[in-house]
Amino acid sequence: MLNAVEDLARQRGWLVISETATPGFVERITQQHLPRMLREFDPAAVRRRTKVSPRR
């Protein structure tokens with residue numbers, strides 16, 4: 001059923017991430033999928049960061 005929803009979303013022009021909720025899910029989304037999609041959609045929107053400062 002989720003594959004059908006993904007197909008429908010793509011047909012409507014949405015950017016779709018297909019992923020499995022296994023260990024490392026959040027890291028795969030934030031470190032792989034989203035940067036790749038942003039580069040493909042708007043290359044100027046992505047800046048490579050080497051260090052993230054903790055919020056205070």
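By convention here, the first residue in the shown sequence is residue 1.
- Annotation: salt bridge (charged side-chain N to carboxylate O under 4.0 Å, His left out) contacts of E40 (sequence neighbours excluded): R36.
- Contacts classified as side chain to side chain donor-acceptor pair (under 3.5 Å) and involving residues 2-17 (residues at least two apart or in different chains) are given here: E6-S18.
- Applying the side-chain hydrogen bond (donor to acceptor under 3.5 Å, both in side chains) rule to T22 yields the partners R28; only residues at least two apart in sequence or on another chain are considered.
- In this structure, L34 CG and I29 CD1 are separated by 6.0 Å, a value rounded to the nearest 0.5 Å.
- Going from atom NE2 of H33 over to atom CD of E27 covers 11.5 Å, rounded to the nearest 0.5 Å.
- Legend: residues meeting side chain to side chain contact (heavy atoms under 4.5 Å, CB included) with L15, ordered by chain and number and at least two apart, are M37, F41.
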